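Here's the structure, in structure tokens; my notes come after.
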Amino acid sequence: MKIKLGITGGIGSGKSYICQRLQKAGIPIYSCDDQAKRLNVESPEIRKAFTALLGPSVYLEDGSLNKPLLINYLFASEEHANTINHIVHPVVLQDFLQWAQEQEEETVALEAALLFEAGYQQQLDCTIVVTAPLELRLQRIIERDHTTREAALQRIGVQSSDEKKIQQADFVIVNDEKTSINKQIQELFVFLRSNSWKHR
């Protein structure tokens with residue numbers, strides 16, 4: 001039986017770095033953000049729904065997505081964001097499940113910022129949350145995105161809290177640049193081999 005992991009974490013937690021480490025350890029990673037960008041253009045289901053919602057101008061003449069139009073709608077309200085998510089998330093999930101079956105490895109992983117919010121955990125065997133202290137997260141966001149502390153705080157504020165994610169997770173990795181990542185990844189593999197996640 002293929003083991004399907006879910007990896008999430010707030011912005012600046014360093015979940016992409018943890019995914020890179022897991023990939024080097026032999027676990028294929030499916031990035032929801034990357035694949036959603038592809039599916040927004042390639043999926044007939046998404047194209048039909050976006051066009052019905054926003055009109056034919058949501059796609060340009062060359063077939064690419066009219067990103068400013070979609071983004072303006074998306075960020076106009078929480079209701080709009082939920083509408084877009086309800087269109088995209090189910091298609092991404094089905095694409096992941098198909099991708100997972102095509103992988104030769106016994107263990108695969110899905111990386112998603114909105115893992116719990118999208119309900120992906122219902123199709124996963126084990127969920128992992130990557131956490132980091134607030135100040136370190138702010139530092140990472142400011143350096144990476146060349147933004148202000150205030151803007152970084154705002155971006156963190158719109159996401160669900162680490163505490164809420166941890167309550168729903170099966171395993172937690174602390175990415176604070178102090179706690180050994182190697183040791184935690186080893187502990188994760190021990191946890192997976194123990195089959196503890198099967199008895200949640």
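None of the values given here were measured: they were computed from a predicted structure. Starting from 1, each residue takes its place in the sequence as its number.
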TODO: Indicate yes or no for a side-chain donor-acceptor contact from Asn66 to the backbone of Ser57 under 3.5 Å, with no hydrogens or angles considered.
DONE: yes

Open item on the list: Between Leu39 and Leu60, is there shared hydrophobic-cluster membership here, with clusters defined by ILVMFWY side-chain heavy atoms closer than 4.5 Å?
Closed with: no

Task: Leu53 side, atom CG; Ile84 side, atom CD1 - distance, nearest 0.5 Å - done: 5.5 Å

Open item on the list: Using every non-hydrogen atom in the two residues, find where Ser160 and Glu117 come nearest and quote the distance to one decimal.
Closed with: OG-OE2, 2.8 Å

Task: Donor-acceptor pair between Asp62 and Ser64 side chains, under 3.5 angstrom - done: yes

- [ ] State plainly whether one hydrophobic cluster holds both Ile29 and Leu192, where clusters connect Ile, Leu, Val, Met, Phe, Trp and Tyr through side-chain heavy atoms under 4.5 angstrom apart.
- [x] yes

- [ ] Give the ring-plane orientation class for Tyr120 versus His89, where under 30° counts as parallel, over 60° as perpendicular and anything between as tilted.
- [x] perpendicular

- [ ] Kindly give the heavy-atom pair with the smallest separation between Asn85 and Leu114, and that separation in Å.
- [x] ND2-CD1, 4.2 Å

TODO: Measure from the side-chain N and O atoms of Asn72 to the backbone N and O of Pro68, and report whether any donor-acceptor pair falls under 3.5 Å.
DONE: yes

Open item on the list: More than 12 heavy atoms of other residues, nucleotides or ligands under 6.0 Å from CD of Gln23: yes or no?
Closed with: yes

Task: Glu106, CD: over 12 other non-hydrogen atoms inside 6.0 angstrom - done: no

Task: Distance, nearest 0.5 Å, that separates CZ of Phe116 from OG1 of Thr127 - done: 4.0 Å

Open item on the list: Given 3.5 Å as the limit, does a donor-acceptor pair link the side chain of Gln101 with the main chain of Leu97, or not?
Closed with: no

Show me the side-chain donor-acceptor pairs of residues 10-19 shorter than 3.5 Å, one per line, residues at least two apart or across chains.
from: Ser13; atom 1: OG; to: Gly10; atom 2: O; distance (Å): 2.7
from: Ser16; atom 1: OG; to: Glu111; atom 2: OE2; distance (Å): 3.0
from: Tyr17; atom 1: OH; to: Arg21; atom 2: NH1; distance (Å): 2.8

Task: Side-chain donor or acceptor of Gln159 paired with backbone N/O of Arg155 under 3.5 Å - done: no

Task: ILVMFWY network linking Ile173 to Leu136, side-chain heavy atoms under 4.5 angstrom - done: no

Open item on the list: Can you give me the closest heavy-atom contact between Ala151 and Thr147, atom names plus distance?
Closed with: CB-OG1, 3.2 Å

Task: Heavy-atom pair with the smallest gap, counting every atom of Arg47 and Val41 - done: NH1-O, 2.9 Å

Task: Straight-line distance of Asn82 CG to Glu79 CD, nearest 0.5 Å - done: 8.0 Å

Task: Shortest non-hydrogen contact between Ile7 and Ala109, atoms and distance - done: CD1-CB, 3.8 Å

TODO: Check Thr131, Val130, Asp162, Ile128 against Val172 for a side chain to side chain contact (heavy atoms under 4.5 Å, CB included) and give me the one that passes.
DONE: Thr131

Open item on the list: With a 4.5 Å cut-off on side-chain heavy atoms, are Tyr30 and Val108 touching?
Closed with: no

Task: Intermediate values then yes/no, side-chain contact (heavy atoms from CB on, under 4.5 Å), Arg149 and Glu135 - done: CA-CA 10 Å; Arg149 179 182 175 88; Glu135 287 302 320; 2.9 Å; yes

TODO: Output the distance between atom CD (Gln154) and atom CD1 (Ile141), rounded to the nearest 0.5 Å.
DONE: 11.5 Å

TODO: Drop me the distance from Thr148's OG1 to Ile142's CD1, to the nearest 0.5 angstrom.
DONE: 7.0 Å

Task: Straight-line distance of Glu105 CD to Ile27 CD1, nearest 0.5 Å - done: 9.5 Å

Open item on the list: Tell me the closest heavy-atom pair linking Ala112 and Thr8, and the distance in Å.
Closed with: O-OG1, 2.7 Å

Task: Flag side-chain contact, heavy atom, 4.5 Å: Val58 against Tyr73 - done: no

- [ ] For Thr51, check side-chain hydrogen bond (donor to acceptor under 3.5 Å, both in side chains) against everything at least two apart and list the hits.
- [x] none

Open item on the list: Set out, in order, the CA-CA distance, both residues' side-chain angles and the distance that settles side-chain contact (heavy atoms from CB on, under 4.5 Å) for Arg140 and Asn175, then state yes or no.
Closed with: CA-CA 12 Å; Arg140 288 170 176 166; Asn175 187 13; 3.6 Å; yes

Open item on the list: For residues Leu74 and Tyr59: do they belong to one hydrophobic cluster (side chain heavy atoms under 4.5 Å, members Ile, Leu, Val, Met, Phe, Trp, Tyr)?
Closed with: yes

Task: Note: Glu102-Lys2 ion pair, threshold 4.0 Å (strictly below) - done: no

- [ ] Flag yes if Leu115 and Ile156 sit in one hydrophobic cluster, no otherwise; membership is Ile, Leu, Val, Met, Phe, Trp, Tyr, and two members link when side-chain heavy atoms are under 4.5 Å apart.
- [x] no

TODO: Test side-chain contact (heavy atoms from CB on, under 4.5 Å) on Glu163 and Ile166 and set out the steps.
DONE: CA-CA 5 Å; Glu163 290 75 18; Ile166 289 169; 5.8 Å; no

Task: Under 3.5 Å donor-acceptor, Lys4 side chain and Leu110 backbone - done: no

TODO: List the steps and the verdict of side-chain contact (heavy atoms from CB on, under 4.5 Å) for Phe50 and Val88.
DONE: CA-CA 10 Å; Phe50 278 3; Val88 176; 3.7 Å; yes

What pairs of donor and acceptor atoms, side-chain ones from residues 183-190 against any protein atom, are under 3.5 angstrom apart with sequence neighbours left out?
from: Gln184; atom 1: OE1; to: Val174; atom 2: N; distance (Å): 2.7
from: Gln184; atom 1: NE2; to: Val174; atom 2: O; distance (Å): 2.9
from: Gln184; atom 1: NE2; to: Ser180; atom 2: O; distance (Å): 3.3

